Structures are given as C-alpha cells and as structure tokens.
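Sequence lines set the chain letters: A, B, ... in the order given, protein chains first and strands last, and positions in each chain run from 1. All values derive from a computational prediction rather than experimental measurement.
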2 protein chains.
Amino acid sequence: MPYGCRVTNTSPAPRLRAAGLATRTAIEDAARTLFAERGFDGASVRAIAAEAGVDPALVIRHFGSKEALFLRTVDTSLGIGSVLDGPLETVGRRLVAYFLDPGRPVIRKRYVALAQAAHHDQVREEMVRHTAETYVAPLAPRLTGEHRELRVALAVGQLGGLLNLLFLQRDPIVTAADPEVVIATYGDAIQRLLTPEDT
Amino acid sequence: MPYGCRVTNTSPAPRLRAAGLATRTAIEDAARTLFAERGFDGASVRAIAAEAGVDPALVIRHFGSKEALFLRTVDTSLGIGSVLDGPLETVGRRLVAYFLDPGRPVIRKRYVALAQAAHHDQVREEMVRHTAETYVAPLAPRLTGEHRELRVALAVGQLGGLLNLLFLQRDPIVTAADPEVVIATYGDAIQRLLTPEDT
DNA sequence: GTCTATACGCGGATAGAC
DNA sequence: GTCTATCCGCGTATAGAC
C-alpha cells in the first residue's frame, strides 16, 4: 500500500463481518432448539455451543450470560396477542382453547422453558413487563367496572395456574379430562373476572 | 453369643444410635431453615452441612440426595388443611385470605421454595399427590354437579396461579392492590368452580 | 474483531479409609 | 457412622492466537 493512501473503504455496517454474524445466528438457532427441547436448566451453555459448532466461551462472549441468551431467543409472548382480538365476552374460553390446542406443541415447550427460568430475576421481570404490555394494556380499557387493571392481571395469573397444572405438574386429573369441559369451565372462570356482569 | 440363642433383642428403633440420630436431626433442622431462607436452589448442600456442623458428604449419605432431603423437610401441605373445614360456600375467599394474611410470612417462603424445586420430578409428583389427597379427596364429595374432581383440581390450579403472581413474579399490579379486593374478586372466581349454582 | 485454549469456583454426588 | 479426597458438570472469565 502506497504511503498516504487513506483507507477510505468505510462500510461500517458490514463491520460485523460475516463470520461473527454467522456464529451469532448459529448460537441463537441452537439455543432456540435446545431451550425448547430440554428447558432452561436442561440446556447447558456447553451443549448449545456444541450444537452450534462453536466454542462454549463464545456463547458468553456474544451474549453476556445464559440468561441474556435465553431472553433474546425465547418469545415471552407465547404468540397470544392475536387471541385477545375479537369479542371480549368470549375471550376467556378462547385463551384456554389456545393453549389446549393439541396442534400447538411448541407453545407447551415454550411455556415450560419460561416457567423453569422464571427464578432468574431478568426473566421474571421480562415476564411481568410483557404481561402488562400484552394483556393489561390492550384489555383493561375494554373492561367496565372497578379495578380493571387488577382484574386483567388476576385473569392472567389464573391462566398461568392452568398452564402450571397442565404442563409443569402434569396433574393427571386435569390432563385426562375432556378438553372441551376444561375450556368451558375454566374459560368461564377467567371470563368472570373480566366481565362479571355477563354471568 | 451362644449358638441357638435367637437374637430376640428386637428394638429396631434404637438401632439408629444417638450419634447418627443427632446428626440426622441437625441436618433436617438446618435444611428447614436454609430452604425457607434461601429457597431450594439458593441453599446448597454444603451450606446446609455447614449450618448443621457436619460434613457435606453426610447429607447425601443420610438422605440420598438434596431432592430427597427437601421432600423430607418441607411441608407440602402449606398448612392448608384446616382452611378446607367450614362452610363450602365461602371456602374460595377463605383460601385466598389464608395466603394473603401478612402474619404468615413462613407460608410465602415455603411456597417459593416448593415452586422453585418443582422442576425436580420427585418434588412435582409429591405436590400432585398431596393436592389430590389434601384438596380433592375431602372437597370433591361435598360438591354437587358434574366433574367434581376436575373442578377441585382446577380450583387448586387457580389458587396456584395467584400465588405465582404474588410470590414468584411479584407482579406490581397485584402486590400493590388492596388485599380485601383481591380476596373478594379472586376468591369468588375460585368459588365459582366449586359451587357455580350459588352465584 | 473473532475465536481458541485454559482455568476458576461453584454445584451435587461418590469411594474408600478410619 | 464419619470424614477425606475426589469426580464430573455447570456458568463464566481471561489471555492470547489468528
């Protein structure tokens, strides 16, 4: 290179070169797979690195911690947003039906992974934040009566109780029950918190 | 010992001599304290051993595993049995009030420790078993209508959802709310599963 | 900037000597 | 019954090679 030739080849975006970006996405893909497959505790950083074909130290180097990697790759919304659209009077049953749908095994795995990781502070805070944003914010204004935000928050907790029973505890009484009965019974119990006057 | 002298000295209980029994109870006491104080994950076997003044290896040697020690020392019933006595028509509110009572901080800690350890299979199974024994067995026969066992199981799940919200997620909307409102609102939602005809 | 190699300090659990 | 020494796996950190 001749003296004085300023390297003006400034493309700052590709500054994250192909190599670094490829490893990042490889780690993210592996994390998504293994967290869903084995849960938060079951998927070790070393296993994720092996699945991605990289060194374990790179996982921490790129994402800071296992917890941060989890938060970046897991979808805390569980894809529930669209269910909240539609008539308010039947949202209780629709919420329960969404999670009981046997055609959605991914939802079950995501929930289990999330619940397992909830004892980490950042994960817990993200869940609380997302609940407020996804459920309370859009739903509370549509309610009538007192304590609207509280009632939505309690309804979300109620839904969590059912998921707990189904996916974590695997309570035989509930898992063996007719899904239609659970949807109707529990859905109406949730509904009662949201629209108590309709019952 | 003379030949033929059948050893009829059968006091099988004192077979656990004083020394061994003392360490056992010391470990159990330390485990109860630390599990309540720091939760299942936060209380290491080494810390429990130190608190008891014994060698860490003894903890495993006596109880088999940390999980088994936890199961032996924690009370999975959370002392709820007595609440189920009394009129069926108000049991929903009584259950919620029991856990919200600020004078019972131990209950909160026990629940957190239990929930944290629930991803261990034996703990999970014990919780399911105890739910069936403590809640479903005494309550279901008192119900009327269809799906009595299922409705009790769902009500227990519902209660778990509230505890999750309060103690694990520490949702600010719920924790900041007036306890009386939560007791009335959520208690009635639970009640509806148990005695739907009364609402 | 990206990656490799290595290591630290923790966890639960075990084998075998006293 | 008890303790010493040890194992293996975990999340994480760092020094230094490319």
**Message:** Whole angstroms only, please: what is the CZ-P distance between A/Arg24 and C/dT2?
**Reply:** 9 Å
**Request:** Among residues two or more places apart or on two chains, list those pairs meeting ring pair (Phe, Tyr, Trp, His ring centres under 6.0 Å) that have a residue in residues 71-111 of chain B.
**Result:** none
**Request:** Identify, with sequence neighbours excluded, every residue that meets salt bridge (charged side-chain N to carboxylate O under 4.0 Å, His left out) alongside B/Asp29.
**Result:** B/Arg32
**Item:** Length of the line joining B/Phe63:CZ and D/dG1:C1', which is rounded to integer Å
**Value:** 14 Å
**Message:** Taking side chain to side chain donor-acceptor pair (under 3.5 Å) as the cut-off, I'd like each qualifying pair that reaches into residues 36-56 of chain A, sequence neighbours left out, listed once.
**Reply:** none
**Message:** Would you say CZ of B/Arg72 has more than 12 non-hydrogen atoms from neighbouring residues, nucleotides or ligands within 6.0 angstrom?
**Reply:** no
**Complete:** In 5'-to-3' order, the base (B), backbone-only (S) or no-contact (-) status of each nucleotide in nucleotides 6-18 of chain C, using a 4.0 angstrom heavy-atom cut-off, is -B---BBSB-B--
**Request:** Can you sort out the partners of B/Ser65 under side chain to side chain donor-acceptor pair (under 3.5 Å), two or more places apart, ordered by chain and number?
**Result:** none
**Prompt:** For the pair made of CG in A/Leu58 and C1' in D/dT14, what is the distance, rounded to whole Å?
**Reply:** 13 Å
**Request:** Hey, could you give me each pair passing ring pair (Phe, Tyr, Trp, His ring centres under 6.0 Å) that has a residue in residues 30-53 of chain B? Not counting sequence neighbours.
**Result:** B/Phe35-B/Phe40, B/Phe35-B/Phe70, B/Phe40-B/Phe70, B/Phe40-B/His120
**Item:** Members of residues 113-124 of chain B that approach DNA chain D, where some heavy atom sits under 4.0 Å away
**Value:** none
**Request:** List in chain and number order the residues that pass salt bridge (charged side-chain N to carboxylate O under 4.0 Å, His left out) with B/Glu126, two or more places apart in sequence or in another chain; answer none if no residue qualifies.
**Result:** B/Arg129
**Message:** Does a side-chain N or O of B/His62 approach OP1 or OP2 of D/dT2 to a distance below 4.0 Å, or not?
**Reply:** yes
**Complete:** In whole angstroms, the gap separating P of C/dC3 from CD1 of A/Ile27 amounts to 8 Å
**Prompt:** Applying ring pair (Phe, Tyr, Trp, His ring centres under 6.0 Å), which residue pairs with at least one partner in residues 121-174 of chain B are found, sequence neighbours left out?
**Reply:** none
**Asked** What is the distance from CG of B/Leu21 to C1' of D/dT2, rounded to the nearest Å?
**Response** 15 Å
